[in-house]
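Letters A, B, ... are given to chains in the order of the sequence lines, protein chains preceding strands, and every chain is numbered from 1. Atom set for the values below is all heavy atoms of this structure, side chains included, hydrogens, waters and symmetry mates excluded.
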2 protein chains.
Amino acid sequence: MVDTGENEDVSRVKEPAASGIPEEIAASLCTCGGIEGLENMLPSDAYLERVSARHRACADPIRLKILAMLAIQPLCVCVIKAVLGIADSKLSYHLGVLKKAGLIRGEQQVNWIIYSLTDEGAECLDR
Amino acid sequence: MVDTGENEDVSRVKEPAASGIPEEIAASLCTCGGIEGLENMLPSDAYLERVSARHRACADPIRLKILAMLAIQPLCVCVIKAVLGIADSKLSYHLGVLKKAGLIRGEQQVNWIIYSLTDEGAECLDR
DNA sequence: GTGGTGTTTCAAAATTGTTTGAAATAGGAA
DNA sequence: TTCCTATTTCAAACAATTTTGAAACACCAC
């Protein structure tokens with residue numbers, strides 16, 4: 001029962017411009033409980049934070065390429081480096097971003113660290 | 001038929017460490033054509049660029065919230081602003097980012113601009 | 001014309017993300 | 001022990017993104 005204006009004046013109801021909201025929007029806003037109702041339909045801030053963090057981790061072509069490689073098979077850092085042709089520390093940075101986002105995991109083998117996709121990382125790819 | 005080492009010495013084949021690639025990785029790498037084969041299985045740089053750009057557009061909770069709102073119904077800037085409670089210019093910036101990424105479109109109505117999701121924007125949400 | 005509303009644009013500041021090269025670490029081999 | 005290899009960490013430099021507030025614009029009403 002949220003209304004768009006103060007509504008003391010009937011002429012205003014015809015012209016919601018006075019309250020700053022276009023007619024059609026106001027009308028369908030009412031069907032979902034006005035601005036307050038709309039707010040309640042939205043995901044929580046915590047959820048939005050989590051989802052945006054996942055997008056942020058995927059927001060770089062190098063990292064996307066790493067994910068694509070690991071989707072083919074788990075790989076050690078040296079192979080990833082050979083394919084990407086970037087500096088060690090740069091690669092390490094991007095691996096760190098993906099790892100912190102929970103998209104990949106690294107397992108220490110004898111001499112090397114083998115990286116592989118997590119379930120969440122795999123999901124990222126078919127999206 | 002890409003191999004992992006120079007292979008002049010048979011003892012080396014048993015120990016691919018000399019060529020910097022762990023045994024298991026080297027073995028399965030061979031089944032996909034070595035590093036070169038792996039490279040060929042990866043998406044093009046142009047594609048990775050496009051996909052990462054889409055993720056970048058979604059990499060902010062404010063923008064994700066705007067997408068969620070517009071998934072409920074098209075809205076004018078003023079309503080979006082009322083829900084988010086942020087400054088005009090800040091909102092305008094984020095709308096611009098989403099628009100440039102092709103996730104939303106704005107249509108000039110009489111007095112207002114009504115924003116709505118594009119198909120691509122809608123896809124972003126069920127992902 | 002003036003004034004008001006809704007929205008964008010602009011430039012500066014603040015923040016965040018990325019790259020670089022050097023140094024550190026951890027493990028194995030000699 | 002010393003050396004070597006694989007990888008990470010660090011700090012500085014650099015680049016990109018975001019926020020801010022002011023100004024601009026476009027449109028409508030008066």
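- Nearest to the side chain of B/Trp112, among D/dA6, C/dT8, C/dG6, sits C/dG6.
- Under the 4.5 Å side-chain criterion, counting only non-hydrogen atoms from C-beta, B/Leu95 is in contact with B/Ile80.
- Between B/Ile113 atom CD1 and C/dT5 atom P the separation is 17 Å, expressed in whole Å.
- In this structure, B/Leu91 atom CG and C/dG6 atom C1' are separated by 11 Å, rounded to whole Å.
- Put simply, the side chain of A/Val77 does not reach to within 4.5 Å of the side chain of A/Asp88, judged on heavy atoms.
- Counting only heavy atoms from C-beta on, A/Lys90 has its side chain closest to C/dT20 among C/dT8, C/dT20, C/dT18.
- When rounded to the nearest whole Å, the span between CG of A/Leu84 and P of C/dT19 equals 11 Å.
- Remark: C1' of C/dT15 and CG of B/Asp60 are 12 Å apart, rounded to the nearest angstrom.
- Across residues 92-107 of chain B, B/Tyr93, B/His94 each have a non-hydrogen atom less than 4.0 Å from an atom of DNA chain D (numbered order).
- In this structure, B/Tyr115 reaches the C/dT8 phosphate: one of its side-chain N or O atoms is under 4.0 Å from OP1 or OP2.
- Minimum heavy-atom separation, B/Arg105 to B/Asp119: NH2-N, 4.4 Å.
- Within 6.0 Å of the CD atom in B/Glu107, the count of heavy atoms belonging to other residues, nucleotides or ligands does not exceed 12.
- Rounded to whole angstrom, the span from the CG atom of A/Asp88 across to the P atom of C/dA22 amounts to 13 Å.
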Polar atom pairs (N or O), protein with nucleotides 22-27 of chain D, under 3.5 Å:
none

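- B/Lys81 has no side-chain polar atom (N or O) that falls below the 4.0 Å cut-off from OP1 or OP2 of C/dG6.
- Nearest approach of A/Tyr115 to A/Leu70, heavy atoms of both residues: O-CD2, 3.4 Å.
- With hydrogens and angles disregarded, no donor-acceptor distance shorter than 3.5 Å links the side chain of A/Arg54 to the backbone of A/Leu103.
- Contact check for A/Leu125 versus A/Leu117: side-chain heavy atoms found under the 4.5 Å cut-off.
- Distances shown here put every side-chain N or O of A/Arg56 at or beyond 4.0 Å from the OP1 or OP2 atom of D/dT17.
- Cluster membership check: B/Tyr93 does not share its hydrophobic cluster with B/Leu98, using side-chain heavy-atom separations under 4.5 Å among Ile, Leu, Val, Met, Phe, Trp and Tyr.
- A 6.0 Å sphere centred on CG of B/Asn40 holds more than 12 heavy atoms belonging to other residues, nucleotides or ligands.
- If you take CD1 of A/Ile62 and P of D/dA16, they are 13 Å apart, rounded to a whole angstrom.
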